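See below for the structure under consideration.
Computed from a prediction, not measured in an experiment: that's the story for all the values here.
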Amino acid sequence: MKIGDRVRVKTSLVIYHHPQHRNEPFDLQNHEGDVVDLASTYNWKGEEVAISANFPIVVQFPEISKRFKAHVKEDELEVI
């Protein structure tokens, strides 16, 4: 998986920071978004690092909000 890939959440993924449903459970399953960052790949200097982030993939969901992003694991996504 790389930056720019279009992805879909394939498993049940409950979040609590949805802009319209703040502090309420919201399931992201079947929502589509774009991979915008890989948290475990590079540091701020651009050097490759080995960070063991629990949720290393940052996905932006423009259908929910232009600024809404979520950190997810690779096994929760499928490339479309």
Inset, instruction - Using modelled atom types only, decide if a donor and an acceptor are shared between the side chain of Gln60 and the backbone of Lys66 within a distance under 3.5 Å. - result: yes
Inset, instruction - Indicate yes or no for a side-chain donor-acceptor contact from Asp5 to the backbone of Val79 under 3.5 Å, with no hydrogens or angles considered. - result: no
Are [X] and [Y] connected, step by step, through hydrophobic side chains (Ile, Leu, Val, Met, Phe, Trp, Tyr) whose heavy atoms are closer than 4.5 Å?
{"X": "Val59", "Y": "Met1", "value": "yes"}
{"X": "Val14", "Y": "Val72", "value": "no"}
{"X": "Ile3", "Y": "Val36", "value": "no"}
{"X": "Phe68", "Y": "Val9", "value": "yes"}
{"X": "Leu38", "Y": "Leu77", "value": "yes"}

Legend entry - Whether over 12 other heavy atoms sit under 6.0 Å from Asp75 CG: yes
Are side-chain heavy atoms of [X] and [Y] found at a separation under 4.5 Å?
{"X": "Arg22", "Y": "His17", "answer": "yes"}
{"X": "Val35", "Y": "Lys2", "answer": "no"}
{"X": "Val7", "Y": "Ile80", "answer": "no"}

Inset, instruction - Supply the atom-to-atom distance Thr11 OG1 to Glu78 CD, rounded to the nearest 0.5 angstrom. - result: 10.0 Å
Between [X] and [Y], which heavy-atom pair has the shortest distance, and what is it?
{"X": "Phe55", "Y": "Lys73", "value": "CD2-CG, 3.5 Å"}
{"X": "Ala70", "Y": "Phe61", "value": "CB-CE1, 3.9 Å"}
{"X": "Leu13", "Y": "Glu76", "value": "CD1-OE2, 3.6 Å"}
{"X": "Pro62", "Y": "Glu32", "value": "CD-O, 4.4 Å"}
{"X": "Ile64", "Y": "Leu28", "value": "CD1-CD2, 3.7 Å"}

Legend entry - Counterpart residues, ring pair (Phe, Tyr, Trp, His ring centres under 6.0 Å), relative to His21 (two or more places apart): His18, Phe26
